[in-house]
There are 2 protein chains.
Amino acid sequence: MTESEFRHEGLAATLLEAAETELSQSGIERISLRAVAKRAGVSHGAPAHHFGDARGLLTALAAKGYQRLLHYQTSREETAGPEPLARIIASGLGYIEFAVAFPELFALMFNSAVPDRSDTRFFNVALSVFERLVENTQAHNGRNPYTDPDSMKDLMASWSVVHGLAELIISGRAERTLGLDQMTEAQREETLTAILLRVNRTGS
Amino acid sequence: MTESEFRHEGLAATLLEAAETELSQSGIERISLRAVAKRAGVSHGAPAHHFGDARGLLTALAAKGYQRLLHYQTSREETAGPEPLARIIASGLGYIEFAVAFPELFALMFNSAVPDRSDTRFFNVALSVFERLVENTQAHNGRNPYTDPDSMKDLMASWSVVHGLAELIISGRAERTLGLDQMTEAQREETLTAILLRVNRTGS
DNA sequence: GCATTTTGCTTGACACTGTCTAGATACATC
DNA sequence: GATGTATCTAGACAGTGTCAAGCAAAATGC
């Protein structure tokens with residue numbers, strides 16, 4: 001691999017890293033394509049060649065975020081063991097852990113109209129997150145959400161509480177009310193688990 | 001009241017209306033202060049005199065949104081009757097109804113770092129929404145969320161599922177999976193109620 | 001009733017933004 | 001070695017939010 005190939009292959013990745021840094025520092029509403037290029041050490045026109053426009057760059061970054069979210073969930077589930085409910089809770093805790101660790105990236109992925117959802121890579125990896133939830137739901141309640149409306153309601157209730165809790169935490173609306181900021185890591189987990197369990201209890 | 005007095009008194013309100021129209025059309029990431037001013041029929045520097053800067057204008061708009069949200073919830077609760085659980089569900093349905101009716105405004109209120117939360121008007125009206133939930137929760141489980149941690153968990157679980165469901169619906173992640181787009185209004189309500197009830201069931 | 005201050009808004013300037021186009025440089029291919 | 005292609009630079013353009021200066025009208029002071 002020559003130097004130029006390295007630079008060629010590397011610039012797209014370098015730009016994505018620079019974009020994530022800029023995103024976490026400036027927020028989704030103030031991120032600047034020129035600042036990203038400057039951070040990556042290239043001219044302001046360089047990103048266009050790899051990502052088309054600013055939207056293309058942020059779509060790629062959001063897709064990268066979904067892959068990381070998936071990894072956070074997988075990691076949690078593996079330590080949770082085989083019990084279906086435990087895996088759903090673990091998956092939810094991973095979802096929240098990711099949102100807290102990368103709040104601006106999370107906002108880009110879920111609260112923004114910027115990423116192009118028809119982008120193949122973005123679509124597929126976002127679908128993977130959903131299908132994991134489908135599998136976990138079916139393992140838990142024994143019914144396929146795609147064919148059983150009640151099972152899909154279980155799924156959406158589970159997703160909603162996880163997603164909503166993540167949003168309320170990263171927007172600062174849950175930290176103080178729940179006293180999360182004064183808790184140990186174990187207490188945090190216990191508190192969040194107790195909340196998630198309120199929607200995943202047994203009984204239709 | 002002279003013509004100039006009318007314009008004077010009215011411009012702030014006119015700008016807010018223009019801002020909401022622009023927001024709903026352009027979205028939170030593309031709204032332009034100059035376009036708002038143009039729509040209101042004034043120069044691009046006029047808004048600064050009433051709202052300081054763009055953030056001030058959008059903070060005022062978000063506060064107006066909270067008032068409207070409160071109204072949507074009140075309206076629903078009044079028709080729901082006195083039963084606490086019914087009021088919680090009604091309040092949640094009003095929350096979702098508001099989000100679906102004004103998705104960009106909802107995003108401005110909850111998913112944006114733009115509104116200044118230390119703004120007195122914004123803070124107070126946002127607090128009103130929360131305190132309504134506090135009252136409903138206490139009426140439902142009989143314990144004060146401010147002093148009883150478990151009651152606060154009930155509250156946050158209830159808020160999370162409502163907020164999360166609203167987010168997932170307006171971002172297009174729930175409509176098709178739940179088949180909401182092919183339902184009658186009554187069926188929609190029934191489906192959403194069934195989901196909300198999964199977290200507000202008795203027990204614990 | 002006149003002078004003065006204050007208010008509400010306009011106008012123009014500034015730095016900054018994303019995108020487009022033309023050009024330069026280095027690589028690959030024949 | 002010549003041609004073509006990919007990668008990146010550099011400049012221009014319209015549009016953005018904010019700021020300062022100016023202006024007209026209303027409010028205020030005497």
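Note: hydrogens, waters and symmetry copies are ignored here, and every other heavy atom, side chains too, is used. All values derive from a computational prediction rather than experimental measurement. In what follows, every chain begins at residue 1, and chains take the letters A, B, ... in the order their sequences are listed.
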* Asked: Pick the nucleotide of DNA chain D nearest each of Arg34(A) and Gly45(A); which residue has the one closer to the 5' end?
  -> Gly45(A)
* To do: For the side chain of His49(B), starting at C-beta, report the closest nucleotide among dT7(C), dA13(C), dA10(D).
  => dT7(C)
* Asked: Taking CG from Leu57(A) and C1' from dT19(C), how many angstroms apart are they, rounded to a whole number?
  -> 14 Å
* Asked: Counting only side-chain N and O atoms of Ser32(B), is one of them less than 4.0 Å from OP1 or OP2 of dG15(D)?
  -> no
* Roughly how many Å is it from CG in Asp53(B) to P in dT16(D), rounded to a whole number? -> 17 Å
* Take atom NE2 of His50(B) and atom P of dG8(C), then tell me their distance rounded to the nearest Å. => 6 Å
* Asked: Within the structure, does a side-chain N or O atom of His44(A) lie under 4.0 Å from either OP1 or OP2 of dT19(C)?
  -> no
* Whole-Å gap separating C1' (dT16(D)) and CD (Glu29(A)) -> 15 Å
* Would you kindly give the CZ-to-C1' distance between Arg30(A) and dG18(C), to the nearest whole Å? => 18 Å
* To do: Counting heavy atoms from C-beta on, name the nucleotide in dG17(D), dC8(D), dC9(C) closest to the side chain of Ser43(B).
  => dC9(C)
* To do: For this output row, return yes or no: ring centroids of His163(A) and Phe106(A) closer than 6.0 angstrom.
  => yes
* Between dA13(C), dC8(D), dG11(D), which one does the side chain of Ala46(A) approach most closely? -> dC8(D)
* Under 6.0 Å between the ring centres of Tyr95(B) and Tyr72(B)? -> no
* **Gln73(B) vs Arg132(B) side-chain heavy atoms within contact, under 4.5 Å** => yes
* In whole angstrom, what separates Leu15(B)'s CG from dT10(C)'s P? -> 10 Å
* CG of Leu33(B) versus P of dT10(C): gap in Å, rounded? -> 13 Å
* Is Glu22(B) paired with Arg30(B) through a side-chain N to carboxylate O contact shorter than 4.0 Å? -> no
